[in-house]
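Worksheet for the structure shown next.
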Amino acid sequence: MKQIYFFSRLSLAIIFLYHGLVPKILYGALQEIEMNSIFMPWLERDVALISTGIIEIVFAALLFVFYRSRIPIVCIIGFACLASLALLIKLPHYYVEAFNPFSINFSLVMFGLINLVSRSGKEPMEVD
């Protein structure tokens, strides 16, 4: 279970690191710009991209700073569910793209649940 815990947490950290660095900070992806303009219209485009990118990179690091804490994982699950719902309401056309909020956020939720279950030391279907 220790390996499952480590690899699920590492997977989450890599997803947040990648999404903070590549589409936001390095390339300023149009999809990220559109999402930021809808959900954070008070921020200037580049400020929104860089700040959200930095937040995601910092969050990736916090997954290991607080390695034993469940709090970051619960935050991820909540964030992924809320982001999915918000995007479905405001930008539903994203859900038909090859790489879309459903596949990304579903992965975040599943890795988060795997991490929580593996931390408990019990098998997912184990009965007490």
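Counting begins at 1 with the first residue of the sequence.
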Report task. Could you grab the distance from atom CG of Asn100 to atom OH of Tyr94, nearest 0.5 Å is fine? Result -> 11.5 Å
Can I get a per-line list of side-chain donor-acceptor pairs under 3.5 Å for residues 104-117, giving both atom names and the distance, sequence neighbours left out?
{"unit_1": "Asn105", "atom_1": "ND2", "unit_2": "Ser84", "atom_2": "OG", "d": "2.9"}
{"unit_1": "Asn105", "atom_1": "ND2", "unit_2": "Pro101", "atom_2": "O", "d": "3.3"}
{"unit_1": "Ser107", "atom_1": "OG", "unit_2": "Ser103", "atom_2": "O", "d": "2.8"}
{"unit_1": "Asn115", "atom_1": "OD1", "unit_2": "Arg9", "atom_2": "NH2", "d": "3.3"}
{"unit_1": "Asn115", "atom_1": "ND2", "unit_2": "Tyr5", "atom_2": "O", "d": "3.0"}
{"unit_1": "Asn115", "atom_1": "ND2", "unit_2": "Ser8", "atom_2": "OG", "d": "2.9"}

Report task. If a pair satisfies salt bridge (charged side-chain N to carboxylate O under 4.0 Å, His left out) and one of its residues is in residues 77-89, list it, with sequence neighbours excluded. Result -> none
Name each donor-acceptor pair under 3.5 Å that joins a side chain in residues 37-46 to protein atoms two or more places apart or in another chain, with its distance.
{"unit_1": "Ser37", "atom_1": "OG", "unit_2": "Ile33", "atom_2": "O", "d": "3.4"}
{"unit_1": "Ser37", "atom_1": "OG", "unit_2": "Glu34", "atom_2": "O", "d": "2.8"}
{"unit_1": "Glu44", "atom_1": "OE1", "unit_2": "Asp46", "atom_2": "N", "d": "3.4"}
{"unit_1": "Glu44", "atom_1": "OE1", "unit_2": "Val47", "atom_2": "N", "d": "3.4"}
{"unit_1": "Glu44", "atom_1": "OE2", "unit_2": "Asp46", "atom_2": "N", "d": "3.3"}

Query raised in the report: Is there a path from Leu30 to Leu49 through hydrophobic residues (I, L, V, M, F, W, Y) whose side chains come within less than 4.5 Å of each other?
Result: yes
Query raised in the report: Any side-chain heavy atom of Leu88 within less than 4.5 Å of one from Phe102?
Result: no
Query raised in the report: Quick one: CZ on Arg119 to CD1 on Ile4, what's the gap to the nearest 0.5 Å?
Result: 14.5 Å
Query raised in the report: Around Tyr18, counting heavy atoms of other residues, nucleotides and ligands shown, do more than 12 lie under 6.0 Å from its OH?
Result: no
**Report entry** Side-chain hydrophobic cluster, 4.5 Å single linkage: members besides Leu85
**Finding:** Ile89
Donor-acceptor contacts, no H, no angles, side chain residues 59-82, under 3.5 Å, sequence neighbours left out:
{"unit_1": "Ser69", "atom_1": "OG", "unit_2": "Ile71", "atom_2": "N", "d": "3.1"}

Report summary line: Residue set satisfying side-chain contact (heavy atoms from CB on, under 4.5 Å) with Glu56, at least two apart, ordered chain then number -> Phe16, His19, Lys24
**Report entry** Hydrophobic cluster identity match, Tyr27 and Leu17, side-chain contacts under 4.5 Å
**Finding:** yes
Report task. Indicate, with yes or no, if Val22 and Ile54 share a hydrophobic cluster defined by side-chain heavy-atom contacts under 4.5 Å among Ile, Leu, Val, Met, Phe, Trp and Tyr. Result -> yes
Query raised in the report: Does Ile57 reach the side chain of Leu21, with side-chain heavy atoms less than 4.5 Å apart?
Result: yes
